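These notes are about the structure you will find just below.
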Amino acid sequence: MIISFQCSFTTLASPQSSAGRSGPYLKRPDTHSLVRISAISAQNQDIHIAKRRCDYYDLYDELIPYKDAWSWQKHMVETKHALLEADKDECDSVVVLQHPPVYTLGTRSSEKFLLFDLHDSPIDIYRTERGGEVTYHGPGQLVMYPIINLRHYKMDLHWYLRALEEVVIRALWSTFALTGSRIDGLTGVWVGNQKVAAIGVRVSRWITYHGLALNVTTDLTPFTRIVPCGISDRPVGTLSKILNDSNSMQNVTIPRFKDCTETWDACTLLDVTHKSLLKEFSEVFHVDLVQKGVGEFKRISTLPES
């Protein structure tokens, strides 16, 4: 089944890439390459600005149907628009989850990147309003959907894409000592020549939705039925495979979270990775994360669309 919505979106080209592509391991990425979201200085003197609140919904260990997560995003965007029109504002929101197997297309995605008949898809497929080409979501992949008001950060779509890449790059380094990199003209994050994170967003009157997807323990088989993100000459990879590559991981000491006392391969990789993504998201966007109940997410996601 394909579900299509009519909408407009201008796909964004990616600006400059980051350094650090000489080798994927044990080379610290340039975490200062991204201009941090910082307080405005008064006469070149630093002043303290309180962090913006961001509610987060932690469903990293649940398979949320794509349609439900999409409905939640659109509802949150509509709510924030209504508040802005009333000269009010609401804290930002972000959710981390997994999806059952599904293909998604951007609003301008080309069907030539589907290696099957669009009307005879092996799994559900949705055409959405995000940018980018076709991609796959499924179990073992962590998906993060931020619903944030860029008026409080930087009203620059390219900057926002780079900020999402930075979240992944920092998480890879701080947790696994892996160097994530950018590639000129492309959006996403690579470890070596393997793309581990895809990014596709929509911004509506400076409110963001859609987001990023990081392959952690993902079965890559469904990616063989498409040309992921329209990139045919670079493979898709997963953290689990990269971390289990003994040659690549020689003499690497994996930093641990304080609440994880086991060796890295005995920990739940998805749990460790999702904690790192949330931590780095809060740092890059300079927000205080406040956890919300899962029930609230599910209530909103099943509301009828306006």
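These numbers were taken from a predicted model, which means no experiment stands behind them.
- By the 4.5 Å heavy-atom criterion applied to side chains, V96 and L59 are not counted as neighbours.
- Classification of R170 and E166 as a salt-bridged pair holds, one side-chain N sitting under 4.0 Å from a carboxylate O.
- Taking both residues in full, the closest heavy atoms of G180 and L172 are given as CA-CD1, 3.9 Å, listed atom of the first, atom of the second, then distance.
- Contact annotation: the side chain of M144 never approaches that of V95 to less than 4.5 Å [non-hydrogen atoms, C-beta and beyond].
- E165 contributes a side-chain N or O that, together with a main-chain N or O of G188, makes up a donor-acceptor pair within less than 3.5 Å.
- Each of K298, K292, R299 was evaluated against E296; a single residue qualifies, R299, per the side chain to side chain donor-acceptor pair (under 3.5 Å) test.
- Judged by distance alone, the side chains of H152 and D89 do bring a donor and an acceptor atom under 3.5 Å apart.
- The pair K275-D58 fails the salt-bridge criterion, with no side-chain N (NZ, NE, NH1 or NH2) lying under 4.0 Å from an Asp/Glu carboxylate O.
- Between R162 and R182, the closest side-chain pair of non-hydrogen atoms falls below 4.5 Å.
- In terms of heavy-atom proximity, L157 sits nearest to L150 at CD2-CD1, 4.3 Å.
- With rounding to the nearest 0.5 angstrom, the OG1 atom of T187 is 11.5 Å from the CD atom of E133.
- Under the 3.5 Å distance criterion, the side-chain polar atoms of S109 are matched with a main-chain donor or acceptor of G132.
- At a threshold of 4.0 Å, the pair D245-K241 does not count as salt-bridged, since none of the basic side-chain nitrogens sits closer than that to a carboxylate oxygen.
- Side-chain atoms of H274 and D61 form no donor-acceptor pair, as typed in the model, at a separation below 3.5 Å.
- Under the 4.5 Å side-chain criterion, counting only non-hydrogen atoms from C-beta, P228 is not in contact with F113.
- In the hydrophobic cluster analysis, where Ile, Leu, Val, Met, Phe, Trp and Tyr join through side-chain heavy atoms closer than 4.5 angstrom, L161 is grouped together with M155.
- Considering all non-hydrogen atoms of both residues, A198 and K195 come closest at CA-CE, 3.9 Å.
- Taking CG from D92 and CG from D55, the interatomic distance works out to 9.0 Å, rounded to the nearest 0.5 Å.
- Between the CD1 atom of I207 and the CZ atom of R151 there is a distance of 5.5 Å, given to the nearest 0.5 Å.
- At a threshold of 4.5 Å between side-chain heavy atoms, the hydrophobic network of Ile, Leu, Val, Met, Phe, Trp and Tyr places L63 and V143 in two separate groups.
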Working for side-chain contact (heavy atoms from CB on, under 4.5 Å), residues L270 and L142: CA-CA 8 Å; L270 284 163; L142 290 175; 3.8 Å; yes
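- At distances below 3.5 Å, not a single donor-acceptor pair connects side-chain atoms of S121 with backbone N or O atoms of L118.
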Residue pair K80, I147: steps toward the side-chain contact (heavy atoms from CB on, under 4.5 Å) verdict: CA-CA 9 Å; K80 294 181 190 302; I147 315 295; 3.5 Å; yes
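- Two residues are said to be in side-chain contact when any heavy atoms from C-beta on lie closer than 4.5 Å; V134 and T104 fail this criterion.
- Taking every heavy atom of both residues into account, H210 and G200 meet most closely at CB-O, 3.2 Å.
- A salt bridge is absent between R53 and E90; no separation between the charged side-chain nitrogens and carboxylate oxygens falls under 4.0 Å.
- Looking only at distances, a side-chain donor or acceptor of N244 sits under 3.5 Å from a matching main-chain atom of S240.
- A heavy-atom distance below 4.5 Å is not found between the side chains of V94 and I148.
- The cationic group of K74 lies under 6.0 Å from the six-membered ring centre of W70 and within 45° of the ring axis, placing it in a cation-pi geometry.
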Stepwise side chain to side chain donor-acceptor pair (under 3.5 Å) test for R52 and H286: CA-CA 7 Å; R52 184 167 167 79; H286 197 65; over 6 Å; no
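- Here the side chain of T218 pairs a donor or acceptor atom with the backbone of G140 at under 3.5 angstrom.
- Inter-residue side-chain proximity for V287 and Y153 is flagged as met; some heavy-atom pair is nearer than 4.5 Å.
- Rounding to the nearest 0.5 Å gives a distance of 10.0 Å between NE2 of H119 and CD1 of I125.
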side-chain contact (heavy atoms from CB on, under 4.5 Å) between L178 and W173, intermediate numbers included: CA-CA 5 Å; L178 294 175; W173 176 259; over 6 Å; no
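- Taking OG from S276 and CG from L278, the interatomic distance works out to 9.0 Å, rounded to the nearest 0.5 Å.
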Residues V201, Y209; criterion side-chain contact (heavy atoms from CB on, under 4.5 Å); working and verdict: CA-CA 6 Å; V201 303; Y209 57 123; over 6 Å; no
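- At a threshold of 4.5 Å between non-hydrogen side-chain atoms, the residues L277 and L214 count as touching.
- For residues 82-105, the set of pairs meeting the ring pair (Phe, Tyr, Trp, His ring centres under 6.0 Å) definition, not counting sequence neighbours, comprises Y66-H99, H99-H137, H99-Y145, Y103-F116, Y103-Y136.
- The backbone N or O of Y60 sits less than 3.5 Å from a side-chain atom of Q98, completing a donor-acceptor pair.
- The two residues T238 and V216 have their closest heavy-atom pair at CB-O, 3.6 Å.
- How far NZ of K67 is from OH of Y126: 6.0 Å, rounded to the nearest 0.5 Å.
- Between Y57 and W72, the ring planes are perpendicular. Angles over 60° get that label, and only those under 30° would be called parallel.
- The two atoms that bring P146 and T208 nearest to each other are O-OG1, 3.0 Å, heavy atoms only.
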